[in-house]
Amino acid sequence: MTIRVSPILPGFGAEVSGIDIARPLDEATRRRIAAIQDRWGVTVWRDTGLDDAGHVAFSRLFGRVELAPRHTGKPSRMSEPELFDASNLDLEGNIATNESIRLGAKGNRLWHSDSSFMRVRSAQALLLCHEAPPHGGPTWFADTRGAYDDLPQSMKDRLEGLRATHSYFWSRRRAGYPYTEDEIDAKPQAAHPLVHVHAGSGRKALFVGAHTRDIVGMDRADGRALIDELIAWCTRPEYTFAVHYKPGDMTIWDNLCSLHRGGEYDDSLFRRDMRRTTVRDPQAPPAEPDHFTRMFADAGDTPFSPTETTRERVMAAS
Ligand code: OGA
Ligand code: MN
């Protein structure tokens, strides 16, 4: 077996082939895959042959697989508790017309790092395509290590020691969800350094995206200007590429050294069935197994099934 690694950008993103990842892997191969992921940050695997159970099983190679957020009394389309439904489909498998699901999808089109709003962050995300639209519907990726390396020294000095707050509800507001700043203040958020060392490579990376709300200790307007400047810097063409999918294709991205966003396609006309697992940051402090569900419960809200009041406000605002 020869593992082939074909870089997409010179230092970021690679297509990997030559391994059948739907079968059990020996320890040496598992270590090799983890090392490739650490080095390239985003990997693309074509025609994997993975089903739901195989997707979850393969994800365990990278560590502890998160439980996806669930809502009591609300059934899920997913067969495994670890699978997050990143599709545009409703429970019956039809194209969703629910405004909340559609706004969630709009939020996904903003550059972000999954779960940066959690105190305990996620590292790898594994997104498997089950059904792809005929045109478009890619995922875009951006290299936050390369972007950090290329910052002018004056900016590196300015960022040293800064921390930022991250809120799920803030990024929904960015996407058009009618939360007020006061409402967001009352909901859970997390703070993380703006620059951190990516443990898998020892390289520094920017940690900023659509969930990033304020810079701790900085005037709000100045902080937001800096956040937007850094996101724009990381997502310049030289740091980005898109992956287009066919059913069976999978991308794995490391949220701690990359940003991503869903690409454009007509989600009211075309089905796009994508399912994702997420692996908890191996460096993270302990947290309860179902920490997403807890966070949303603490927020008095649910991510994809809003209360009537929220729904009414979304309808009124759209
Ligand atoms: C996600 C995500 C983008 C896409 O699942 O976290 O951002 O292209 N997906 O579906
Ligand atoms: Mn995402």
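Atoms within a ligand are numbered from 1 in the order they appear, just like the ligands themselves.
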**the Mn ion (ligand 2): protein N, O or S atoms that are less than 2.8 Å away, sorted by chain** = H112 NE2, D114 OD1, H260 NE2

**Request:** For the pair S87 and R272, evaluate side-chain hydrogen bond (donor to acceptor under 3.5 Å, both in side chains) and give the outcome as yes or no after the intermediate values.
**Result:** CA-CA 6 Å; S87 74; R272 183 173 185 266; over 6 Å; no

**Prompt:** Applying a strict 4.0 Å limit to heavy atoms, is W253 in contact with ligand 1?
**Reply:** yes

**Asked** Non-hydrogen atoms of G263 versus ligand 1: any pair closer than 4.0 Å?
**Response** no

**Message:** Atom CD of residue position E160 - does it have more than 12 heavy atoms of other residues, nucleotides or ligands inside 6.0 Å?
**Reply:** no

**Prompt:** Counting only heavy atoms not in R236, do more than 12 fall under 6.0 Å of its CZ?
**Reply:** yes

Is there a donor in the side chain of [X] and an acceptor in the side chain of [Y], or the other way round, less than 3.5 Å apart?
X	Y	value
R119	H166	no
H291	E66	yes
Y245	T251	yes
W253	D114	yes
T29	D26	yes

**Request:** Measure centre to centre between the rings of F141 and F241, then say whether the value is under 6.0 Å.
**Result:** yes

**Asked** What residues form a ring-ring contact (aromatic ring centres under 6.0 Å, His included) with H211, not counting sequence neighbours?
**Response** H112, F117

As an exercise, identify every atom of ligand 1 less than 4.0 angstrom from a heavy atom of [X].
X	answer
A86	5 (O)
G262	3 (C), 4 (C), 8 (O)
H112	7 (O)
D114	6 (O)
L127	4 (C), 5 (O), 10 (O)

List the closest protein heavy-atom neighbour of [atom]: residue, atom name, distance to the nearest 0.1 Å.
atom	result
atom 10 (O) of ligand 1	R272 NH1, 2.8 Å
atom 5 (O) of ligand 1	R276 CD, 3.4 Å
atom 9 (N) of ligand 1	N108 ND2, 3.9 Å

**Message:** At under 4.0 Å between heavy atoms, is it the side chain or the backbone of P138 that contacts ligand 1, or both, or neither?
**Reply:** backbone

**Working for side-chain hydrogen bond (donor to acceptor under 3.5 Å, both in side chains), residues S115 and Y168** = CA-CA 8 Å; S115 331; Y168 172 85; over 6 Å; no

